[in-house]
Peer 1: 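Have a look at the structure that comes next, please.
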Amino acid sequence: MKYVVIGGVAGGPSFATRLRRIDENAEIIILERGSAISYAGCAIPYYLGGVIKNRDSLIERTPEILKQKNNIDVRLFNEVTKIDPQNKKLAVTNLKTGDEYSETYDRLVLATGARPYFPDIKGIEQADNIFAVRNMDDADAVKNFLDTEEPKSVVILGGGAIGIEIAESFTENNMDVTIVEQNGQVAYPLDEEIAEIIQADMEKNGVRILLNRQVVEFQDDGHKVLLDDDSNISTDMLFMATGVVPNVELAQDAGINLAQDHHIIVDNKFQTNIADIYAIGDVIETKSLISGQPIPSLLSSAANRQGHLLADILSGQNYEYPGFIGAGASKFFDLTSSFVGFTENELNAAGYNNYANVFITPFDHAFFFPNATRVNFKLIYDTKSGKILGGQAVGENGIDKRIYQLSVAISGHLTVYDLPQLEIPYSPPYSSTRDVLNIAGYVAINQLQNQIKTIDANDIPKAELENGFFLDIREPGKPFAGTVMASANIPLSQLRNRINEIPTDQKIYITFRKGIGPYNASTILKGKGFDVTLIKE
């Protein structure tokens, strides 16, 4: 059996090496149009920032190693230009020599990934200082520009994960960094509670962030950026972090079915609509393990697992792909952010309404042990079933740990009712007796059992805004939070002794504050017979 893989970054090599361990007699070929395979693309920002010194350390396997250890034929600089499914042939061009040849296959695996998206901006074709990073060739181009041109400033278009990570790298190169983001927050689709913490830390470290702005034109060969408010920025360098698009042109020309967003449609065994052609990684649309609905699969970790699983499937194992959850983490300056599953932004965009969320800020380990820091943690769940829909966190320590614990809970189809019973290892340097997920579960259950009423600030009726009593429970010296002005400020620590200051003939709203304080205030007031609602923002 002859297997040909198009694409050699994450999923392709994972498939090929797993298949070789199963089938010693298979003929396996990887065709890669770039200069390297099996490299750590997610580590490129750290290489550009100088954290990783050795470029070669980013490349896990070379063609020579795969040939020697796995008997896999890897051909770099070989671009497939056409797929002929009827005759099971590929048209291939050697990009170094220009030679064209035909290659046959019995089974074909598409692992063509995605490429940076360049928006149609006036003057972009003339910009001689514009870069994006998706592969090692891109990384080499950026590194060469940094070393030879020594740019002093950079404008990054896009404030998502790539924009944030690369901003730190450019800051480490002593550059003035400006992010231009068309949304009203950075780190989209993470939610506002998480994004505002990320933004504050980036600005503290010298990154200039312009929200709700769009670039309308590049002037002076890319050295002047004109924005939609008629302002402009002079810059030595441009970096595109405006998202990616799947590499599906080959598949489309071959008659393979694509989704509306142009990802390749596959079934639960990664089979396309054409016999003996399969697809994995960033290029595919699969299903969500959480919702069961179609969803793109855009993480290298997922591509690696999919490649391994596809090798098992094609070797005769009766396995199926259970679905994509989506989990990731980003490091920037002193903080880490992490996510799993759906965010509130994504649920709103999909029209999903039956959800609620918990936002808590417990310590990452026992508060009395040195260097305890806050875990800003958001849990999103279905209000009918308690099903976990997603989670996000940001902070200095223990962030990824909590999110991967939540990812395991989602994989095991646990609900918020199960979270308080999770037995998470405890020792003062590492956790608390009731860890983050335990606490989030307690709060979610209280909400589901209507022990706590909550309302979004924008949903408060006009009559209530005029006639309700809005209580601010912040302690002396703490800054005001939220958008709803308070009728009174009674610190939580004084609430019981000043209970007579709260009217009994009005509905009581507790204004927005992060943490468990508003919940504790609500239990005090509810126990005294007050009608209490917490404001969320």
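Computed from heavy atoms alone, side chains included, the values below leave out hydrogens, waters and symmetry copies. We're numbering straight along the sequence, starting at 1.
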Peer 1: Taking Asn78's backbone N and O only, do any of them form a donor-acceptor pair with Asn94's side chain (distance below 3.5 Å, no angle check)?
Peer 2: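 Not a single qualifying donor-acceptor pair exists.
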
Peer 1: Just by distance, do the side chain of Asn70 and the backbone of Thr17 share a donor-acceptor pair under 3.5 Å?
Peer 2: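 Side chain of Asn70 to backbone of Thr17: no pair is present.
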
Peer 1: Less than 4.0 Å between a side-chain N and a carboxylate O, is that true for Lys143 and Asp140?
Peer 2: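 Between Lys143 and Asp140 there is no salt bridge, as every charged N stays at least 4.0 Å from the carboxylate O atoms.
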
Peer 1: Look only at the side chain of Gln317 and the backbone of Tyr319, and say whether a donor-acceptor pair between them is shorter than 3.5 Å.
Peer 2: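 Pair absent, no side-chain N/O of Gln317 close to backbone of Tyr319.
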
Peer 1: Could you tell me whether the side chains of Glu181 and Asn183 share a donor-acceptor contact shorter than 3.5 Å?
Peer 2: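 Yes, a side-chain donor-acceptor pair sits under 3.5 Å.
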
Peer 1: Quick check: Tyr381 with Tyr355 (ring centres under 6.0 Å apart)?
Peer 2: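 Tyr355 vs Tyr381: aromatic centres not under 6.0 Å.
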
Peer 1: If we ignore angles and hydrogens, is there a donor and acceptor under 3.5 Å between the side chains of Glu165 and Ser330?
Peer 2: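 Yes, because at least one side-chain N or O of Glu165 sits under 3.5 Å from a partner of the opposite role on Ser330.
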
Peer 1: With Phe131 as reference, evaluate Phe239, Phe118, Phe145 under the ring pair (Phe, Tyr, Trp, His ring centres under 6.0 Å) test and give the passing residue.
Peer 2: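 Per the ring pair (Phe, Tyr, Trp, His ring centres under 6.0 Å) rule, the option paired with Phe131 is Phe145, out of Phe239, Phe118, Phe145.
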
Peer 1: Do Glu64 and Gln68 pair up side chain to side chain, a donor and an acceptor below 3.5 Å, judged on atom types alone?
Peer 2: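 No, no side-chain donor-acceptor contact under 3.5 Å.
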
Peer 1: Decide whether His263 and Asp261 meet the rule of one side-chain donor and one side-chain acceptor closer than 3.5 Å.
Peer 2: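 Looking only at side-chain atoms, Asp261 and His263 do form a donor-acceptor pair, the distance falling under 3.5 Å.
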
Peer 1: Please enumerate all residues that pass ring-ring contact (aromatic ring centres under 6.0 Å, His included) together with Tyr188, with sequence neighbours excluded.
Peer 2: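 Partners of Tyr188 under the ring-ring contact (aromatic ring centres under 6.0 Å, His included) test: none.
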
Peer 1: For the pair Phe270 and Tyr321, name the ring-plane relationship: parallel under 30°, tilted 30 to 60°, perpendicular over 60°.
Peer 2: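 Geometry flag for Tyr321 against Phe270: tilted rings.
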
Peer 1: Can a donor-acceptor pair be found, under 3.5 Å and without considering hydrogens, that links the side chain of His308 to the backbone of Ser14?
Peer 2: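 The answer is no, because no donor-acceptor pair under 3.5 Å joins these two groups.
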
Peer 1: Taking C-beta and beyond as the side chain, do Lys2 and Ile29 meet within less than 4.5 Å on heavy atoms?
Peer 2: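 Yes, close enough: below the 4.5 Å cut-off.
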
Peer 1: Between Asp267 (side chain only) and Gln271 (backbone N and O only), is there a donor and an acceptor less than 3.5 Å apart?
Peer 2: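 Pair found, side chain donor or acceptor close to backbone of Gln271.
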
Peer 1: Please check if any side-chain donor atom of Asn345 sits under 3.5 Å from a side-chain acceptor atom of Thr343, or the reverse.
Peer 2: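 Asn345 vs Thr343: no donor-acceptor pair found between side chains.
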
Peer 1: For Glu192, I'd like to know if atom CD has over 12 heavy atoms of other residues, nucleotides or ligands within 6.0 Å.
Peer 2: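 No, not enclosed.
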
Peer 1: Side chains of Gln392 and Ser337: donor-acceptor distance under 3.5 Å anywhere?
Peer 2: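 The answer is no; no qualifying pair exists.
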
Peer 1: Spell out, as yes or no, whether a donor-acceptor pair under 3.5 Å connects the side chain of Thr336 to the backbone of Lys331.
Peer 2: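 No; zero donor-acceptor contacts below 3.5 Å.
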
Peer 1: Going by distance alone, is a donor N or O of one side chain under 3.5 Å from an acceptor N or O of the other, for Ser338 and Asp400?
Peer 2: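 Not at all, the side chains of Ser338 and Asp400 share no donor-acceptor pair under 3.5 Å.
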
Peer 1: Counting C-beta onward and ignoring hydrogens, is there a side-chain heavy-atom pair between Asp253 and Ile83 closer than 4.5 Å?
Peer 2: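 They are not in side-chain contact.
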
Peer 1: Surrounding CG of Asp147 (heavy atoms of other residues, nucleotides or ligands, distance under 6.0 Å), is the total greater than 12?
Peer 2: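 More than 12 heavy atoms, drawn from other residues, nucleotides or ligands, come within 6.0 Å of this atom.
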
Peer 1: Surrounding CZ of Arg33 (heavy atoms of other residues, nucleotides or ligands, distance under 6.0 Å), is the total greater than 12?
Peer 2: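 No - once you tally the heavy atoms of other residues, nucleotides and ligands closer than 6.0 Å, there are 12 at most.
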
Peer 1: Any heavy-atom pair between the side chains of Met136 and Leu58 that's under 4.5 Å?
Peer 2: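 Yes - at least one pair of side-chain heavy atoms lies under 4.5 Å apart.
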
Peer 1: Against Tyr101, only a single residue in Thr93, Leu90, Val92 fulfils side chain to side chain contact (heavy atoms under 4.5 Å, CB included); can you say which?
Peer 2: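 Single pass found, and it is Val92.
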
